[in-house]
Amino acid sequence: MLEYSATLRHPAIVGVIRIVFGVIWLIDAQFKWRPSFVQDFVSFLTGALDKQPALIKAWIQLWIDVVNVNPVGFAYFVAFAETALAVALILGLFSNLSYIGGALLAFVIWSTAEGFGGPYGASSTDIGAAVIYILVFALLWQTRAGLYLGLDRRLGKRLGSLAFVASGRTT
């Protein structure tokens, strides 16, 4: 059996990339705390319905129905989630949990407000930004980025069997 072993030439760069990604999320999060986002939250979702195929339209409509239970509450939940994610990325805190949560949040954003990047046609120019975020979270998880310039290096030892929510144990 072949064994794969990767070592990072400049591990601090991984930490810097994680921190910069956290700053990007923090900038985005501050927009979510604005009254206009809270007031127009449902319209971001309904705007993605136009010209979508039936299956995607049904998916987005499902989320609209869920959000309409308490649109203001959901808007503040998104604002809080993005802020917490940004702080966790910047500090390298509970990184694995943050990467999973961030990837799920990015998927929901991509598949609803961004409408999977569609509708696609001759004038389409991209597939949306949030899908790229999912890949960045996967790379941060794979490189155990919370161990570099992050609090996970200290936290992993203290969490014992729960170290999996951070970047794992260090030896």
Side-chain angles (χ1 to χ4, degrees), residues 4 6 8 13-34 36-38 40-68 71 73-148 150 152 164-167:
Y4 175 75
L8 299 171
I13 291 174
V14 174
V16 170
I17 290 169
R18 187 201 70 245
I19 292 166
V20 169
F21 192 51
V23 170
I24 290 168
W25 274 95
L26 189 61
I27 292 167
D28 190 59
Q30 66 87 22
F31 289 115
K32 303 304 188 286
W33 290 104
R34 293 182 179 183
S36 60
F37 175 78
V38 174
D40 298 333
F41 186 62
V42 175
S43 68
F44 290 115
L45 300 175
T46 57
L49 285 170
D50 193 35
K51 299 181 183 175
Q52 292 286 5
L55 185 61
I56 294 175
K57 200 175 266 193
W59 170 256
I60 296 170
Q61 187 61 54
L62 169 75
W63 279 98
I64 291 169
D65 293 343
V66 169
V67 166
N68 273 327
F74 273 97
Y76 281 120
F77 173 77
V78 170
F80 174 78
E82 286 194 13
T83 303
L85 179 61
V87 169
L89 287 166
I90 291 167
L91 297 177
L93 182 63
F94 300 118
S95 296
N96 287 346
L97 184 62
S98 300
Y99 305 150
I100 292 168
L104 288 172
L105 179 61
F107 176 78
V108 171
I109 292 168
W110 180 61
S111 68
T112 57
E114 289 187 5
F116 288 101
Y120 296 108
S123 62
S124 296
T125 58
D126 66 57
I127 63 168
V131 69
I132 310 277
Y133 293 171
I134 297 167
L135 296 174
V136 173
F137 283 119
L139 289 171
L140 291 173
W141 172 76
Q142 185 63 34
T143 59
R144 299 175 68 192
L147 296 178
Y148 310 105
D152 278 358
F164 66 90
V165 299
S167 289

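For clarity, every value in this text was computed on a predicted model and none was experimentally measured.
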Worksheet item: Do the non-hydrogen side-chain atoms of Ile13 and Ile17 ever get within less than 4.5 Å of each other?
Response: yes

Worksheet item: Parallel under 30°, tilted from 30 to 60°, perpendicular over 60°: which one fits the rings of Phe107 and Phe116?
Response: perpendicular

Worksheet entry | Residues which pass salt bridge (Lys or Arg N to Asp or Glu O under 4.0 Å) with Glu114, listed by chain and number, not counting sequence neighbours | none

Worksheet item: Should Tyr133 and Ile109 count as side-chain neighbours, where that means a heavy-atom distance under 4.5 Å?
Response: no

Fill in: Between CZ on residue Arg18 and CG on residue Leu91, distance to nearest 0.5 Å
8.0 Å

Worksheet item: If you round to the nearest 0.5 Å, how far is CD1 of Ile56 from NZ of Lys51?
Response: 15.0 Å

Practice prompt. Among Leu85, Val136, Leu89, find the one that has a side chain to side chain contact (heavy atoms under 4.5 Å, CB included) with Tyr99.
Written response: Leu89

Worksheet item: Hey, which of Phe37, Phe74, Trp63 is the one that makes ring pair (Phe, Tyr, Trp, His ring centres under 6.0 Å) with Phe44?
Response: Phe37

Worksheet item: Closest approach of Ile134 and Ala106, non-hydrogen atoms and distance?
Response: CG1-CB, 3.8 Å

Worksheet entry | Rounded distance [0.5 Å steps], CH2 in Trp141 versus OG in Ser98 | 14.5 Å

Worksheet item: Can Thr112 and Val67 be said to form a side-chain contact (heavy atoms from CB on, under 4.5 Å), step by step?
Response: CA-CA 11 Å; Thr112 57; Val67 166; over 6 Å; no

Worksheet item: What distance separates Ser43 OG from Ile64 CD1, expressed to the nearest 0.5 Å?
Response: 10.0 Å

Fill in: Nearest atoms (heavy-atom pairs only) where Ser95 meets Gly146
OG-CA, 3.2 Å

Worksheet entry | CD on Glu82 to CZ on Phe77, rounded to 0.5 Å | 10.5 Å

Worksheet item: So which heavy atom on Ser111 is nearest to which on Trp59, and how close?
Response: OG-NE1, 2.9 Å

Worksheet item: Roughly how far apart are Asp65 CG and Ile60 CD1, rounded to 0.5 Å?
Response: 12.0 Å

Worksheet item: Heavy-atom distance under 4.5 Å between the side chains of Leu93 and Val87, does that happen here?
Response: no

Response to the item:
In terms of heavy-atom contacts, Asn96 and Ala166 come closest through ND2-O, 2.5 Å

Worksheet item: Do any pairs count as a side-chain hydrogen bond (donor to acceptor under 3.5 Å, both in side chains) and have a residue in residues 24-33, sequence neighbours left out, and if so which ones?
Response: Asp28-Lys32, Gln30-Arg34, Trp33-Thr83

Worksheet item: Which pair of non-hydrogen atoms, one from Ala113 and one from Ala48, has the smallest distance, and what is that distance?
Response: O-CB, 3.5 Å

